[in-house]
Amino acid sequence: KNPSSPYYLGKDYENILDNGNEKSRYERLTDETHYDSYLYGALYLKQIMKQWKDAGYDIKFRPEIVGTLFNVGFPQSKPKLNPKVGGSEINISGIKYSFGRLSYEFYYSGEMMDIFPYDTEQKE
């Protein structure tokens, strides 16, 4: 909610998490509908992507970098040219993947193309 923050998304988002009920944040995040946990995750990604775009590095078409930043958190989000893919290591059938690499591989796998189609053309 701080307009001077590099993560500030604007007035339209200031109160998006204020849902007016008395349940604790933990209860909302662990609710079986998962609405709040998805919302928090989406807002986090939007904030990180805004921070990088405002710094002159648009990562909109870089799922491996967005995935890495999702995994490592705000403190490691330092916009720069040629960011490195990384994050936690995940072993799948004896192959070690970083969280960022796995994000890239899944994003471009087409596994959910019918629900989340992607656009490979960068448009302004």
Side-chain angles (χ1 to χ4, degrees):
K1 295 185 180 189
N2 179 353
S4 64
S5 168
Y7 307 107
Y8 181 67
L9 296 175
K11 281 245 179 247
D12 290 344
Y13 289 90
E14 275 189 18
N15 299 307
I16 198 166
L17 299 175
D18 302 341
N19 65 5
N21 68 40
E22 296 299 319
K23 291 169 75 177
S24 74
R25 180 173 288 167
Y26 178 80
E27 288 172 335
R28 290 195 328 263
L29 286 171
T30 58
D31 184 88
E32 63 187 42
T33 65
H34 305 294
Y35 176 82
D36 280 283
S37 59
Y38 294 144
L39 179 60
Y40 273 76
L43 288 170
Y44 171 78
L45 292 174
K46 189 168 183 66
Q47 288 176 308
I48 291 291
M49 292 171 72
K50 179 192 181 304
Q51 175 204 23
W52 280 66
K53 186 172 185 177
D54 288 353
Y57 306 101
D58 193 349
I59 56 174
K60 179 178 177 180
F61 293 99
R62 301 288 309 271
E64 72 281 17
I65 302 305
V66 174
T68 296
L69 294 169
F70 179 82
N71 186 237
V72 300
F74 281 116
Q76 285 73 35
S77 182
K78 296 177 175 74
K80 60 186 166 224
L81 185 64
N82 300 318
K84 304 291 184 234
V85 178
S88 297
E89 195 172 84
I90 302 162
N91 188 324
I92 301 174
S93 300
I95 301 172
K96 293 179 181 176
Y97 297 88
S98 68
F99 195 92
R101 177 179 171 201
L102 194 58
S103 298
Y104 178 90
E105 302 245 352
F106 181 75
Y107 184 84
Y108 286 113
S109 72
E111 288 290 322
M112 298 185 74
M113 184 68 79
D114 56 328
I115 300 169
F116 301 109
Y118 58 79
D119 183 357
T120 58
E121 293 184 39
Q122 295 187 20
K123 300 174 186 169
E124 292 297 320

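Throughout, numbering of the chain's residues begins at 1 and tracks the sequence.
- Residues Ser77 and Trp52 are in side-chain contact: their nearest non-hydrogen atoms beyond the backbone lie under 4.5 Å apart.
- Shown here for Met49 and Lys60, the closest heavy-atom pair between the two residues is CE-CA, 3.6 Å.
- For residues 78-94, the set of pairs meeting the side-chain hydrogen bond (donor to acceptor under 3.5 Å, both in side chains) definition, not counting sequence neighbours, comprises Asn71-Ser88.
- For Tyr7 and Phe74, the ring centers sit closer than 6.0 Å to each other.
- Counting heavy atoms from C-beta on, the side chains of Tyr38 and Asp36 never come closer than 4.5 Å.
- Put simply, CZ on Phe61 and OH on Tyr107 are 7.0 Å apart, with the number rounded to the nearest 0.5 Å.
- Remark: Tyr104 pairs with Tyr108 by the ring-ring contact (aromatic ring centres under 6.0 Å, His included) rule, at least two apart or across chains.
- Nearest heavy atoms, Ser103 versus Gly67: OG-CA, 3.4 Å.
- Taking the side chain as every heavy atom from C-beta outward, Ile65 and Tyr57 never approach each other to under 4.5 Å.
- The two residues Ile90 and Leu102 have their closest heavy-atom pair at CD1-CD2, 3.8 Å.
- The nearest pair of heavy atoms linking Val85 to Arg101 is CG1-N, 3.4 Å.
- Within 6.0 Å of NZ in Lys1 there are more than 12 heavy atoms belonging to other residues, nucleotides or ligands.
- The side-chain hydrogen bond (donor to acceptor under 3.5 Å, both in side chains) search around Lys53 returns none, not counting sequence neighbours.
- Distance alone, capped at 3.5 Å, is enough to place a donor-acceptor pair between the Thr68 side chain and the Gly86 backbone.
- With rounding to the nearest 0.5 angstrom, the CD atom of Gln51 is 8.5 Å from the OG atom of Ser5.
- Both Tyr35 and Tyr40 are members of a single hydrophobic cluster when ILVMFWY side chains are connected at heavy-atom separations under 4.5 Å.
- Taking the six-membered ring where the residue is Trp, the centroids of Tyr13 and Tyr8 are separated by 6.0 Å or more.
- The aromatic rings of Phe70 and Phe99 lie parallel to each other, their planes meeting at an angle below 30°, with 60° marking the opposite boundary.
- Atom-to-atom distance recorded for Leu69:CG and Leu45:CG is 9.0 Å, nearest 0.5 angstrom.
- Shown here for Glu64 and Arg62, the closest heavy-atom pair between the two residues is OE2-NE, 2.6 Å.
- The shortest non-hydrogen separation linking Pro79 to Ala55 is CB-CB, 3.6 Å.
- Leu43 contributes atom CG, which lies 12.0 Å from atom CD1 of Ile48 (distance to the nearest 0.5 angstrom).
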